[in-house]
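Below is one structure, written out as structure tokens, with a few remarks after it.
Note that ligands are numbered from 1 as they come in the structure, with each ligand's atoms numbered from 1 the same way. Everything numeric here is computed off the predicted structure, so don't read it as measured data.
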Amino acid sequence: MIPKLSDLDLKGRAVFLRVDFNVPLDKKTFEITDDTRMKAAVPTIIKIISDGGNVILMSHFGRPKEGPEDKYSLKHLVRHLGELLDGKEIQFADDCIGESAVQKAASLKPGDVLLLENLRFYKEEEKGDEAFAEKLAKLGDVYVNDAFGTAHRAHASTAVIAKFFPREKRMFGLLMESEIKAAEKVLKDAEKPFVAIIGGAKVSDKILILENLLDRATDIIIGGGMAYTFFKAEGGNIGSSLCEDERIGTAKEIMDKATEKGSCIHLPSDSIIADKFANDANISSSMSTTIPDNWMGLDIGQMACDMFTKVIHNAKTILWNGPMGVFEMDNFQHGTKAIAQAVAEATQKGAYSLVGGGDSVAAVNQFGFTDKVSYVSTGGGAMLEFFEGKALPGIAAISE
Ligand code: 3PG
Ligand code: MG
């Protein structure tokens, strides 16, 4: 049995909490533009504080190349974190190991919160360096991993560190628990019909998830730029739409396997097409297999919206990863919005819906459907790898 945060007496303990505070910042003002991931970690922080523990927070932030860089400093997050915790004072250590971190961590009192500087200012973090993980581990009595968004990385603070804590003192945080529960419900326990909606630009990013879903999903809806490689595989004319020529074979294989396994693949029969990749392009609509030369599909068409909506309304379980079109441009957001709407309606009728992946989550937020789906994951890559059937290092380190 994996120990739970709620089982352990946290009074007076220094809890070393790995979070994923990799949030987008405005490049000029350093204001956070989407705090979903920070908000998601708040319940665990509050739980530790109210149980009388103190919290040492660690996270990576961005992908710094060579040591400290101001734009990747976690100091930019301190104020907002304090606000999310009702005005609580947040202490900050300008290093994640070393004297300042050790001293600040050692002088914490029950209920205090300390945020350490970006773990990736040390190359050792991404290398999964043992000595670095051990140094980090010395800062706390209990290790809690709440960083689902980073669970697919076998880094020092997400995976390697766990072994420096005894079995009963390493565990998942509340966010990690709910992410795993939501993902497992869909991957292992989906009530049928199970409809998977997979979109995005590239087939190559989604091959493994598609293959894994062929064994599980009743229907797989494919939208976004990746759909055109499938149309090309069927011999269609896709104009200048996105196409990965080297994946045409893969697309064919996926369609053949679907027929074998009895999973139904739905492609968008029609498309909204444009004569350039821009919101102010000339716009028309076309069947997806007869797109004129020099025109490209940038969204699914109305027939596809209606057809996909029907399939989604019939679902008991829904997994959505990836947008249907270039929804960042107003003129090509209709398809993604229609799908968000259909997922919300199916959820209202009792289906369980899980949305994950940076773009689809951004779309659900932008169109105001966040509270109308069952679960919105904080994982992009992590969620994808989970549904590819891979063991995530951040989960394995605690559960094994
Ligand atoms: C993410 O945003 O995908 C996670 O925080 C992991 O970050 P990474 O992709 O830079 O490892
Ligand atoms: Mg990533």
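Taking a cut-off of under 4.0 Å to the non-hydrogen atoms of R153, the atoms of ligand 1 that pass are 8 (P), 9 (O), 11 (O). Each of the following atoms of ligand 1 lies closer than 4.0 Å to a heavy atom of H60: 4 (C), 5 (O), 6 (C), 7 (O). The ligand atoms of ligand 1 that sit less than 4.0 angstrom from a heavy atom of G149 are 4 (C), 6 (C). The contact set between ligand 1 and D20, taken as ligand atoms under 4.0 Å from a residue heavy atom, comprises 4 (C), 5 (O).
D7 is linked by a salt bridge (charged side-chain N to carboxylate O under 4.0 Å, His left out) to nothing, counting only residues two or more places apart in sequence or in another chain. Here F194 pairs with nothing under the ring pair (Phe, Tyr, Trp, His ring centres under 6.0 Å) rule; sequence neighbours left out.
Considering backbone and side-chain atoms alike, H155 places every N or O at 3.5 Å or more from each N or O of ligand 1.
Geometric assessment of K316 against the ring of Y352 yields a negative cation-pi assignment under the 6.0 Å and 45° thresholds.
Considering only heavy atoms from C-beta on, L213 comes within 4.5 Å of L319 through its side chain. Between I49 and V55, some side-chain heavy-atom pair lies under the 4.5 Å cut-off.
If you look at R37 next to ligand 1, the close heavy atoms, those under 4.0 Å, all belong to the side chain. Of the heavy atoms in R120, only side-chain atoms (C-beta onward) come closer than 4.0 Å to ligand 1.
Using the six-membered ring where Trp is involved, Y143 and F165 have ring planes that are parallel, under 30° apart on the 30 and 60° scheme.
The closest non-hydrogen atom to atom 10 (O) of ligand 1, taken over H152, R63, M383, comes from R63.
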